[in-house]
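One structure below.
A quick note: this is a predicted structure, and the numbers were derived from the prediction, not measured. All ligand and atom numbering here is 1-based and tracks the order in the structure.
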Amino acid sequence: MNLSREKPAADYETVRVDLPARGYDILVGQGLLAETGRHVGAVARGRRCAVVTNEVVAPLYLDAVRASLEDAGLTTEEIVLPQGEHTKDLRHLGDLADRLLEFRIDRACILVALGGGVVGDIAGFAASIVLRGIDYVQIPTTLLAQVDSAVGGKTAVNTRHGKNLLGAFHQPRLVLADIATLETLSTREFLAGYAEVVKYGLLGDADFFSWLEREGAALYEGDHAARRHAVVTCCAAKAAIVAGDEREAGRRQLLNLGHTFAHAFEAETAYGTTLLHGEAVAIGMVLAFELSVRLGFCPSDDAERVRRHFAERGLRVGLEGLADASWTADSLLEHMAHDKKALGGALTFVLARGIGEAFTSSAVEIGTVRTLLEDALRV
Ligand code: NAD
Ligand code: GLY
């Protein structure tokens with residue numbers, strides 16, 4: 001008996017995104033990459049797949065994914081993109097689409113997006129337009145992608161007019177979130193993803209936020225059970241929201257908690273590496289709670305808990321060391337007005353009546369927001 005050839009079975013939990021005709025499973029656990037072939041094979045219409053990844057993720061995980069796909073009888077083509085947010089543009093989308101067409105793909109082929117949110121967003125968008133739409137699977141390898149971008153079918157690229165302005169809703173056939181991939185993530189990227197984890201507690205699950213207050217350090221230090229519980233909880237929360245509001249007409253807007261502010265900070269820093277998306281969202285959520293306090297909706301103790309938790313975990317909670325003299329309340333408001341979430345120039349804010357009780361409002365006086373921003377900039 002040759003035991004060395006036996007691979008340990010993956011240990012995972014399943015979350016269902018319950019959409020009529022487009023429902024799919026999110027598998028969260030460890031060892032899933034080694035089982036990619038079995039899971040992709042179960043949802044694929046044919047036996048051919050194209051794996052899209054990037055130059056950072058490929059040396060780490062592409063061999064395991066390819067071997068598993070081939071073991072399951074799937075043939076693979078591979079496209080390795082450069083890494084970085086700049087990859088999410090029309091030029092790279094065009095190149096990616098051309099490469100897929102060069103492979104003479106047909107509608108029975110399935111695309112596999114292996115990487116963080118950048119790879120997932122551009123590969124998902126390519127899948128939505130090539131041959132008017134082919135199936136795809138998300139294999140998210142960052143914390144942010146596992147708890148947010150790989151779930152829910154939003155796909156996009158950036159244009160010179162702004163971020164994520166060209167895209168489509170195109171649900172994946174399957175999401176495989178192997179938490180073992182988080183072990184190679186930098187501390188900074190992990191923390192940026194952690195901000196999105198906290199978001200789920202703040203918007204609708206006070207008990208989860210309390211759990212994060214207790215277990216956040218363990219999560220950060222690599223505790224597998226804690227990481228898995230966090231990813232499963234976030235995916236279940238997002239799955240429920242998406243199942244009820246796929247196109248963001250209502251409750252899905254709550255997922256934008258902190259994002260209107262974050263968008264302005266990211267625009268000021270030109271979407272570069274000065275401020276990662278999750279880092280901007282953490283500051284944005286602190287401000288959204290502060291705004292809720294000023295508007296009389298939220299107890300100040302709750303806003304303080306939010307600020308303290310992010311600070312304890314090592315995330316920025318304000319604009320200190322970030323904003324220079326060119327940042328003004330008006331320039332930030334201008335960026336907010338150009339956010340695609342603004343409707344007819346009216347800003348919608350996600351506010352909170354307390355931790356776990358978010359709601360949306362389009363009736364916030366802009367003067368209150370201006371004063372809040374002026375105070376935030378007075379550092
Ligand atoms: P990212 O994809 O740029 O990944 C961050 C960095 O980590 C990159 O350098 C990447 O190469 C590297 N990396 C990825 N996996 C790794 C691993 N396991 N080990 C080591 N390094 C690894 O960034 P992100 O934070 O995952 O995603 C951000 C993008 O997601 C943005 O473009 C944002 O607009 C988008 N987004 C989309 C949605 C959505 O609903 N579609 C939601 C939130 C964010
Ligand atoms: N990341 C926000 C959403 O998926 O709606």
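- A ring-centre distance under 6.0 Å is found for His259 and His277.
- Within the 3.5 Å criterion, the main-chain N or O of Gln171 finds no donor-acceptor partner in the side chain of Arg22.
- Side-chain atoms of Arg214 do not come within 3.5 Å of backbone N or O of Phe209 as any donor-acceptor pair.
- For ligand 2, the atoms closer than 4.0 angstrom to any heavy atom of Leu255 are 2 (C), 3 (C), 5 (O).
- The aromatic rings of His170 and Tyr136 sit parallel, their planes meeting at an angle under 30°, below the 60° perpendicular limit.
- In terms of polar-atom proximity, defined here as any N/O pair under 3.5 Å, Lys238 does make such a contact with ligand 2.
- Protein heavy atom in closest approach to atom 5 (O) of ligand 2: Arg252 NE, 2.7 Å.
- A salt bridge between Lys154 and Asp121 is absent, with no side-chain N of the basic residue lying under 4.0 Å from a carboxylate O of the acidic one.
- Within 4.0 Å of ligand 1, protein heavy atoms belong to Asn54, Val56, Val57, Leu60, Tyr61, Gln83, Glu85, Lys88, Gly116, Gly117, Val118, Asp121, Thr141, Thr142, Leu144, Asp148, Ser149, Lys154, Lys163, Asn164, Thr181, Thr184, Leu185, Glu189, Lys238, listed by chain and number.
- With a 6.0 Å radius and a threshold of 12 heavy atoms from other residues, nucleotides or ligands, Arg251 has its CZ atom at or below the threshold.
- Ring pair Phe310/Tyr194: centre-to-centre distance not below 6.0 Å.
- Atom CZ of Arg47 sits in a crowded spot, with more than 12 heavy atoms from other residues, nucleotides or ligands closer than 6.0 Å.
- Backbone and side-chain nitrogen or oxygen atoms of Lys154 are examined, and one is located within less than 3.5 angstrom of a nitrogen or oxygen of ligand 2.
- Interface of Asp148 with ligand 2, defined as ligand atoms under 4.0 Å from a residue heavy atom, comprises 1 (N), 2 (C), 4 (O).
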